[in-house]
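We count residues from 1, following the sequence as given.
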Amino acid sequence: MGRGAGTKRITIDSRTWMKGAAENNESLEGGFSPDSKGVGAFATPGLIKGGHSVSATATNAFAADESVFGFTTKDVNSGTNLTQLATGDTVGDGRFYTVHFITGAVTLAATDTARDYAVGISDMVKYAGSIITTSATNAGLSDNVFGTNDFDWWTTVALGPALTAGTYHVMTVLDSVLYIADGRYVHSWDGTTVGTNALDFGANNYVTAMTTHDGMIWITVAPTPRSDQNLFTRGTRLISWDGIQDSWDVEIPLEQPVYGLFSHNGSMYVGSYRTFQIFTGSGVASLRRVGVVSKEKIAFDGDDLFFLESRSAGNYAMIRYGSPIAGRAKAFYPVFEGSSSSGTPALGNAALGRIIFVDGRDLKLINQFGANQANSTIIDIKRPLGGFAFIRHIELETEVLESGDSFAISYINSAGTEITVGTHSTVGQCFYGIDVESQAATYVIQLKIVINGTKGIRRAHIYYEDTERQLNG
């Protein structure tokens, strides 16, 4: 049947998909469907490829009831290629690991069963060449490989006050001073002296997030602890503090509860209950509606940031916020998919071209530019046809295929039915065209391509003919 007189064409250039994941399938701004998974736009600018690949995997590295609450910074110990993470289990025991950024080897270096650790309670940072980790009521000091640990360091050596159980003890560092959140208070440690209650927000106030940005400490304060926040939590405030005075400089009311504050490349990002936001200088602006983005679910590298987004029960997407082409506006790309029935997924420590993704019990090192994730799926946004029409022919232009490369093509019609078209898999070919026979008329088309292998898509062409009435269903 193919292309005849009266046939119309839609061409989807890869540059359209470079706009990233749209907010919804009916987007007027271009991009691709937010239901896409494992879309790679960074390996070869100008081509859409499979999502980021896995360079190494440590299978069953963690117990089923462990959840990562903290990573150190993206710095990797010189000469060892080691970085660190910590977990808490369902009874509160803390486990402290080193991770090799080349091999992916995970080593349990220390365990603390005397104190309680948990997501939303504990945190971990590097400070003055050591690692500081907060538990429910204390803070510990360790060397860079957890060979030497003093998990009661805060109260027995620094002589700080016992921390308040049930509150988030997030930490940050400014001008060589460590700051620890403790319910209504923020304490400080300058390497010699504890500043107890250096900042006091008053009764019925709790610190829910904290970071250092533009020479100031930024804090969110809410009427409930982070672990008790939900959609209906109101009264969160964004605070700016110089770390010295006993009062704060700026206070901005926010509409949603906050789970994380993140500073990167001159911008401050806000992880709210359902929205990923950016600080504008006088408030926040929404970048994208996502799930909760908290400190243990975000990583940074170069100009880009990465975070985890919940898709459905047990399924998570690693989202990359960046631009694959210099000078282009940043956009959101679901670059890797995870699925696990145990543990809480976590993301952190981007370095050496890799990102740590804790996927349930497994730890995976994700290549930032690798592009051969199996069964990557790009789904186009819904494209209106101006009325009912018959899809007649579909063409795909790609790189020249090698063994193992394939592109399975289908489309979703206005009835929501997925129509299988064919598979482009012939070695040595870079063009694929196929007629579409005896299918129901549709008034929209949503192209779907499942990518396997390392080759990329340049463009797709959809040929269709108008019809005045719906035929064949």
List the atom of E251, the atom of I239, and the distance in Å for their closest heavy-atom pair. CG-CD1, 3.5 Å
Can you find a pair of side-chain heavy atoms, one from R226 and one from S294, that are under 4.5 Å apart? yes
Begin with the C-alpha distance, continue with both residues' side-chain angles, and end with the deciding distance and a verdict on side-chain contact (heavy atoms from CB on, under 4.5 Å) for T133 and Y117. CA-CA 9 Å; T133 308; Y117 301 83; 4.0 Å; yes
Is the closest side-chain heavy-atom distance between I457 and W17 below 4.5 Å? yes
Under 4.5 Å between any side-chain heavy atoms of E395 and F431, yes or no? yes
For the residue pair H213 and F279, does the interplanar ring angle fall in the parallel (under 30°), tilted (30 to 60°) or perpendicular (over 60°) class? perpendicular
With a 4.5 Å limit on heavy-atom distance, are the side chains of Y168 and Y259 in contact? no
With sequence neighbours excluded, tell me which residues meet ring-ring contact (aromatic ring centres under 6.0 Å, His included) with F369. none
Around atom CZ of R15, are there more than 12 heavy atoms from other residues, nucleotides or ligands closer than 6.0 Å? no
Separation of E437 CD from I419 CD1 (nearest 0.5 Å): 13.0 Å
Are more than 12 heavy atoms, taken from residues, nucleotides or ligands other than D175, located less than 6.0 Å from that residue's CG atom? no
Close side-chain approach of L385 to I10, heavy-atom, < 4.5 Å: yes
Sorted by chain and residue number, the ring-ring contact (aromatic ring centres under 6.0 Å, His included) partners of F357 (sequence neighbours excluded) come out as F336
Just verifying a value: how many Å separate L401 CG and T454 OG1, rounded to the nearest 0.5 Å? 9.5 Å
Which atom of G50 lies closest to which atom of S376, heavy atoms considered: CA-OG, 3.4 Å
Rounded to the nearest 0.5 Å, the CZ atom of F407 sits from the CD1 atom of I449 at a distance of 8.0 Å
So, does S323 use its side chain to make a donor-acceptor pair with the main chain of R328 at under 3.5 Å? yes
Counterpart residues, salt bridge (Lys or Arg N to Asp or Glu O under 4.0 Å), relative to R95 (two or more places apart): E66, D89
Keeping the roles fixed (side chain from S263, backbone from L261), state whether a donor-acceptor pair exists under 3.5 Å. no
Distance alone, cut at 3.5 Å: any donor-acceptor contact between the side chains of N367 and S53? yes
Would you say the side chain of M216 lies within less than 4.5 Å of the side chain of W218, judging by non-hydrogen atoms? yes
Kindly give the heavy-atom pair with the smallest separation between M18 and P324, and that separation in Å. SD-CG, 3.6 Å
Is there a donor-acceptor pair under 3.5 Å between the side chain of T7 and the backbone N or O of Y463? no
Inter-residue atom distance I319.CD1 - D304.CG, 0.5 Å rounding: 13.0 Å
Let me know which of F262, Y333, F332, F307 forms a ring-ring contact (aromatic ring centres under 6.0 Å, His included) with Y321. F332
Can you see whether T212 engages T172 through a side-chain donor-acceptor pair at a distance of less than 3.5 angstrom? yes
Note: V207 and A181 closest approach over all heavy atoms is CG1-CB, 3.6 Å
Closest approach of E399 and R458, non-hydrogen atoms and distance? CG-NH2, 3.9 Å
Paired with Y411, the side-chain contact (heavy atoms from CB on, under 4.5 Å) test is passed by just one of Q439, Q446, K448, namely Q439
Can you check whether H100 reaches L82 side chain to side chain, under 4.5 Å on heavy atoms? yes
Backbone of G302 reached by a side-chain donor or acceptor of N265 within 3.5 Å: yes
Output the distance between atom CD (E309) and atom NZ (K297), rounded to the nearest 0.5 Å. 12.5 Å
Quick check: does any side chain N or O of T208 sit under 3.5 Å from a backbone N or O of V258, one acting as donor and the other as acceptor? yes
Shortest non-hydrogen pair, A43 vs A371, comes out as CB-CB, 3.6 Å
Please assess W248 against V186 for the test side-chain contact (heavy atoms from CB on, under 4.5 Å), listing each intermediate value before the final yes or no. CA-CA 12 Å; W248 48 94; V186 177; over 6 Å; no
For F62, which residues count as a ring-ring contact (aromatic ring centres under 6.0 Å, His included) partner, sequence neighbours excluded? Y97
Hey, does Y432 have a side-chain heavy atom less than 4.5 Å from the side chain of I409? yes
Would you say R288's side chain and Q277's backbone share a donor-acceptor pair under 3.5 angstrom? no
OG1-CD1 distance between T398 and I48, expressed to the nearest 0.5 angstrom: 13.5 Å
Please determine if E23 and R289 form a salt bridge, counting it only when a charged side-chain N lies under 4.0 Å from a carboxylate O. no
Side chains of T442 and N413: donor-acceptor distance under 3.5 Å anywhere? no
Can you spot which of R320, Q368, Q373, R354 makes a side-chain hydrogen bond (donor to acceptor under 3.5 Å, both in side chains) with H52? R320
Please walk me through it: do L363 and L85 pass side-chain contact (heavy atoms from CB on, under 4.5 Å)? CA-CA 11 Å; L363 182 140; L85 66 84; 3.8 Å; yes
Can you list the residues that meet the ring-ring contact (aromatic ring centres under 6.0 Å, His included) rule with Y464, with sequence neighbours excluded? none
Do the side-chain N and O atoms of N25 and S33 include a donor-acceptor pair separated by under 3.5 angstrom? yes
Looking at Y443, I'd like to know if its OH atom is crowded, meaning that more than 12 non-hydrogen atoms belonging to other residues, nucleotides or ligands lie closer than 6.0 Å. no
Which residues pass the side-chain contact (heavy atoms from CB on, under 4.5 Å) test with I278, sequence neighbours left out? S267, Y269, A285, L287
Does K364 NZ have over 12 foreign heavy atoms under 6.0 Å away? yes
When you look at Y179 and I219, which way does the side-chain contact (heavy atoms from CB on, under 4.5 Å) test go after all the steps? CA-CA 11 Å; Y179 295 89; I219 306 166; over 6 Å; no
